[in-house]
**Student:** 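Below are the structure tokens for one structure; questions will follow.
In what follows, every chain begins at residue 1, and chains take the letters A, B, ... in the order their sequences are listed.
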Number of protein chains: 2
Amino acid sequence: MFLGTHINGVDVKGRVSAPADFRAVARDEALEGVYCWPAFDGPFLEGCGQGLMERFKAMLDAWDPYDEIRTAFARAVLGEARLLGFDATGRVTLPKEFAAHAGLDGQAAFVGLGDKFQIWNPDAHEAHRVAARETLKDNKHRLRPPQAAARGDGGAA
Amino acid sequence: MFLGTHINGVDVKGRVSAPADFRAVARDEALEGVYCWPAFDGPFLEGCGQGLMERFKAMLDAWDPYDEIRTAFARAVLGEARLLGFDATGRVTLPKEFAAHAGLDGQAAFVGLGDKFQIWNPDAHEAHRVAARETLKDNKHRLRPPQAAARGDGGAA
DNA sequence: TTGTGTCCCATAGTTTCCCATGGTAACCCA
DNA sequence: TGGGTTACCATGGGAAACTATGGGACACAA
């Protein structure tokens, strides 16, 4: 599971060390790298390992092949995604257009979100992080998911 | 179940012995460590074992992926959490930013809360404990959780 | 050739692992 | 019931392993 926030340096060649924790997650899924694509809803990158990528594919397979949403999703994620391989020391090289999309310059913040993660410009992420905490403080009583009442919630996974 | 309050020392390397009772709980869930993150609503840390973490994940999976509160929750918990592994003698190492968030300096109070626990600066916890008792005395007639009658569940988030 | 991208090697700093020790609480036996 | 013994818990320090990072060499394409 991708957890925590790790800030690592991006050198002039566009290389950045994937956090060791994240590498361990990817390798547990027998992948010597991570899938990565520019988010379609903000200035950051999204990434995942083999497991989630296969779930995406299964989801698409189960969908009406000519549904507009399906096509749009496939284009926005699969069409933009690349497999970034780890080098011998655990770094990945970010394509220029990826770095540009996320405004990465010198540093990158890897944010673990369970089965996927995001890569942010550290300053942009910090601003977002503070905002998220405020949102949560104001809404912590709504933390039960919408379906909880219907499903009984609390179910162990 | 995490129960009771235990105060242990934090050494210069940021290491602290997890209470033996807590270790036993984590190991019952086949986890050689504990998940831990800075609380979003106060100067303390929160922690849990495998069971609650998987319920968090299940809750997120059941939610609209782009709901604002869901995202804020994922960011504030998963994005800040880390799996702190036990060393051979049962200690965990607190990342510097964790110790800073909770104001831990020399000692840490582990407070069991059932399926999760908190880690406090002992002085801050004592003050908070007294205040919490007063709150409870003033509200003891409201102790039945709102959902209890309907669902028979009293989960707290 | 020139620019670009990949691979390899070197290094400082940090983190993790390992061993050793005192204190405390539980247990056993007389 | 009291004394002694054992096992476990919490803690301290040192060494090895790993992480993150920088620079240079090489291959390929324009």
**Student:** Decide yes or no on side chain to side chain contact (heavy atoms under 4.5 Å, CB included) for B/M1 and B/V25, but give the supporting numbers first.
**Tutor:** CA-CA 6 Å; B/M1 198 153 62; B/V25 174; 5.7 Å; no

**Student:** Starting from C1' on C/dT6, measure out to CZ on A/R82 and report it in whole angstrom.
**Tutor:**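 Checked: the CZ to C1' distance equals 13 Å.
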
**Student:** Begin with the C-alpha distance, continue with both residues' side-chain angles, and end with the deciding distance and a verdict on salt bridge (Lys or Arg N to Asp or Glu O under 4.0 Å) for A/D87 and A/R15.
**Tutor:** CA-CA 10 Å; A/D87 72 12; A/R15 297 179 302 183; 5.1 Å; no

**Student:** If I take atom CG in residue B/L83 and atom P in nucleotide C/dT15, what distance separates them, rounded to the nearest angstrom?
**Tutor:** 16 Å

**Student:** Between atom CZ in B/R91 and atom P in C/dC17, what is the gap in whole Å?
**Tutor:** 12 Å

**Student:** A/Q107 CD to D/dT21 C1': how many Å, rounded?
**Tutor:** 12 Å

**Student:** How is B/D87 classified with respect to the nucleic acid when contacts are heavy atoms under 4.0 Å: base, sugar-phosphate, or nothing?
**Tutor:** nothing

**Student:** For A/I7 and D/dT21, give me the distance from atom CD1 to atom C1', rounded to whole Å.
**Tutor:**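 In whole Å, D/dT21 C1' lies 16 Å from A/I7 CD1.
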
**Student:** Atom CG of A/L94 to atom P of D/dT21: distance rounded to whole Å?
**Tutor:** 13 Å

**Student:** Do the side chains of A/K57 and A/D61 get close enough for a salt bridge, i.e. N-O under 4.0 angstrom?
**Tutor:** yes

**Student:** Quick check: does any side chain N or O of B/N8 sit under 3.5 Å from a backbone N or O of B/S17, one acting as donor and the other as acceptor?
**Tutor:** yes

**Student:** Starting at CZ of A/F86 and ending at C1' of C/dT6, how long is that distance when rounded to a whole Å?
**Tutor:** 17 Å

**Student:** Taking atom P of C/dT24 as reference, at what distance in whole Å does atom CG of B/N8 sit?
**Tutor:**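 That distance rounds to 14 Å.
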
**Student:** Heavy-atom contacts under 4.0 Å between residues 15-38 of chain B and DNA chain D, which residues?
**Tutor:**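 Contacting residues: B/R15, B/S17, B/A18, B/P19, B/A20, B/R23.
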
**Student:** Please pick, from C/dC9, C/dC19, C/dT16, the nucleotide with the shortest atom-to-atom distance to any side-chain atom of B/T93.
**Tutor:**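 My answer, after comparing the listed nucleotides, is C/dT16.
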
**Student:** Nearest heavy-atom pair of A/M53 and A/L78: which atoms, and what distance?
**Tutor:** SD-CD2, 3.7 Å

**Student:** Would you mind writing out the side-chain donor-acceptor pairs for residues 30-41 of chain B within the sub-3.5 Å range, not counting sequence neighbours?
**Tutor:**
from: B/E32; atom 1: OE1; to: B/R27; atom 2: NH2; distance (Å): 3.3
from: B/E32; atom 1: OE2; to: B/R27; atom 2: NE; distance (Å): 2.6
from: B/Y35; atom 1: OH; to: B/Q50; atom 2: OE1; distance (Å): 3.2
from: B/D41; atom 1: OD2; to: A/K140; atom 2: NZ; distance (Å): 3.0

**Student:** Of the candidate nucleotides C/dA10, D/dG23, C/dT15, which contains the atom at the shortest distance from the side chain of A/T89?
**Tutor:**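 Among the listed nucleotides, the one closest to the side chain of A/T89 is C/dA10.
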
**Student:** Do B/N121 side-chain atoms and B/G103 backbone N/O form a donor-acceptor pair below 3.5 Å?
**Tutor:** yes

**Student:** Look at A/K96 and C/dG5 and indicate whether a side-chain polar atom (N or O) is within less than 4.0 Å of OP1 or OP2.
**Tutor:** yes

